[in-house]
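To start, the structure itself, in C-alpha cells.
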Amino acid sequence: MTSYPEQGRGMALSVTASLLFTLMSVYAKLLAPLTGLDIFAWRVLWTTPGAFALILLRGRWPALATLLRRAATEREVLVALPVSAALLGVQLWLFLWAPLHGKMLDVSLGYFLLPLVMVVVGRYYYHERLDPLQWLAVGCAALGVLHELWVTHAFSWPTLVAALGYPPYFVLRRRINADSLAAFAIEVSLLCPVAALMVASSDTRVAGHPLLEIVLLPGLGAISTLALSTYLKASRMLPMALFGILGYVEPVLLVGVSVLLLGETLSVRQLGTYGPIWVAVALIGAHSMLTLKRLQSR
C-alpha cells in the first residue's frame, strides 16, 4: 500500500502534469505565425531529445535496449510500434491544432468521453465486469451523446478523434507490454522524420523570428517533456484508482481555459451535452473513491 505522504506527492505531481498539459493549449497561441501542423512538428522535434534525456536520468537504457531487441525479433512489436506512433502523432497534432481554430471545447468533450469509451472497451474487449455505478455513469454519458446527435446529427470530428483515437493506442501499448518511457521515446523518434519533412516543406520559417526560434519552441519542448516526466512519476506513486480520478483534472481545466482564455463560449445547447457527461464523470470519480477506500480498508 502506498504511504500517505507519497500519495500526497503523487497527487501534486499529477495535478502539475494536468496544469502543464493545459498550459500547452494556451502556449500554442504564442507560437504565431506557425500553423497547427508546424507546432506539432516542432513539438515532436523538441520533445524527442527530452524523452531520451529522461531515459538517461532515470536509468532506463536497459528497458529501451530490451524493447529494441524485441522489435528486431518479434514481428508484432515491429508492426505495433509505428502504428502506435501514428496514433499518438494524430493526438499530439490535434491538441495543438484545436486552440488555434476555436475547437478546444470540442476536444475537451472528447477527453470527457474518453474514460467512458475505455469502460466500454474494457467491458467488451477485455471482458471486464461493470458494477451498477459504472453502468449508471455509462447511461448518463449516453444521454449526452444522444442529445448531441439529436441536435447536430453528428459529433464534431475533433471530439470523435479525441474520444476514439486513444483507445486503440492504449490497447496497442498493452499488447506491446513494454516500459512506458522507452516506448514513448521510440514513438516520438519514429515521428521525427515526418516532423522534419513538415518543417522543411512549411511555408512558415522560424529563422526570421528570434523569439520563436530561441525561446518559445525550446520552451514548448521543455513543457512537453516536464509534463510527461511528472505524469509518469505520478502514475508510479499513486494507486490506480486515485490516479484515474486525477486524470479528469485536465479536461475540466481545458474547458475553463477554452471559455476564460481562448474566447470560446458554452451555449445552452452544449450544456445539454456536457451536463450528463459531467454527471457521468462525477459518478466514475465516486466509484474510484469507493474502490480506493475498500482497498485501504483491506
Side-chain angles (χ1 to χ4, degrees), residues 17-18 20-29 31 34-48 50-51 71 77-118 120-121 125 154-176 178 180-202 204 217 220-221 223-225 227-228 231-232 247 250-251 254 258 262:
S18 295
L20 289 171
F21 285 128
T22 305
L23 174 62
M24 290 183 64
S25 67
V26 181
Y27 195 90
K29 285 284 192 178
L31 301 178
L34 298 183
T35 66
L37 283 176
D38 294 330
I39 297 172
F40 158 75
W42 282 109
R43 180 186 179 184
V44 169
L45 293 177
W46 278 105
T47 300
T48 301
V77 176
L78 181 63
V79 173
L81 284 172
V83 174
S84 67
L87 292 171
L88 177 64
V90 170
Q91 297 299 330
L92 294 179
W93 165 78
L94 179 65
F95 188 79
L96 293 172
W97 173 88
L100 299 178
H101 295 81
K103 297 294 184 182
M104 205 62 225
L105 278 177
D106 292 342
V107 173
S108 300
L109 177 59
Y111 290 157
F112 276 116
L113 285 172
L114 177 59
L116 303 171
V117 174
M118 293 303 297
V120 175
V121 171
Y125 186 80
F155 279 112
S156 70
W157 67 264
T159 298
L160 292 175
V161 171
L164 303 180
Y166 266 122
Y169 173 73
F170 292 142
V171 169
L172 269 180
R173 273 300 197 94
R174 193 165 176 173
R175 288 185 65 88
I176 294 172
S180 60
L181 185 54
F184 178 78
I186 292 177
E187 287 167 349
V188 291
S189 297
L190 291 172
L191 291 172
C192 271
V194 178
L197 183 61
M198 287 180 176
V199 169
S201 60
S202 174
T204 306
L217 287 176
L220 176 67
I223 294 171
S224 180
T225 302
L228 170 66
Y231 182 80
L232 293 175
E250 184 182 345
L254 286 174
S258 300
L262 299 182

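Side-chain atoms are counted along with the backbone in the values below, which use heavy atoms only and exclude waters and symmetry mates.
Residue pairs meeting the salt bridge (Lys or Arg N to Asp or Glu O under 4.0 Å) criterion with at least one member in residues 181-192, sequence neighbours excluded: Arg173-Glu187.
Contact detail for Pro193 and Ser189: the closest heavy-atom pair is CD-O, 3.3 Å. The two residues Ala17 and Ala227 come nearest to each other via the heavy atoms CB-O, 3.8 Å. Between Leu191 and Ala85, the shortest heavy-atom distance links the atoms CD2-O, 3.4 Å. In this structure, Cys192 and Leu45 approach most closely via the heavy-atom pair O-CD2, 4.0 Å. Between Val107 and Ala98, the closest heavy-atom pair is CG2-CB, 3.4 Å. For Leu181 against Ala51, the heavy-atom pair with the smallest separation is CD1-O, 4.4 Å.
Considering only heavy atoms from C-beta on, Trp97 comes within 4.5 Å of Pro158 through its side chain. The side-chain heavy atoms of Val161 and Gln91, taken from C-beta on, include a pair separated by under 4.5 Å. Taking 4.5 Å as the limit, every side-chain heavy atom of Tyr166 sits out of range of all side-chain heavy atoms of Val117.
In this view, Ser202 and Asp38 satisfy the side chain to side chain donor-acceptor pair (under 3.5 Å) rule, not counting sequence neighbours. Remark: Thr48 engages no residue in a side chain to side chain donor-acceptor pair (under 3.5 Å) (not counting sequence neighbours).
Between the side chains of Thr47 and Thr225, no donor-acceptor pair of N or O atoms lies under 3.5 Å.
Annotation: the span from Ser224 atom OG to Leu23 atom CG amounts to 11.5 Å, rounded to 0.5 Å. Between atom CZ of residue Phe40 and atom CZ of residue Phe95 there is a gap of 14.0 Å, rounded to the nearest 0.5 Å. The structure places CG of Leu164 at 10.0 Å from OG1 of Thr159, a figure rounded to the nearest 0.5 Å. One distance of note links CG of Leu81 with CD1 of Ile176; it measures 4.5 Å at 0.5 Å rounding. In this structure, CG in Leu190 is found 7.5 Å from OG in Ser84, a value given to the nearest 0.5 Å.
Between Ile39 and the choices Leu92, Val44, Leu34, the side-chain contact (heavy atoms from CB on, under 4.5 Å) rule is met once, by Leu34.
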Walk me through it: do Trp157 and Leu94 pass the test side-chain contact (heavy atoms from CB on, under 4.5 Å)? CA-CA 10 Å; Trp157 67 264; Leu94 179 65; 3.9 Å; yes
So Ser156 and Lys103, side-chain contact (heavy atoms from CB on, under 4.5 Å) or not? Walk me through it. CA-CA 9 Å; Ser156 70; Lys103 297 294 184 182; 5.7 Å; no
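Side-chain rings of Trp42 and Trp93 stay apart, their centers remaining 6.0 Å or farther from each other.
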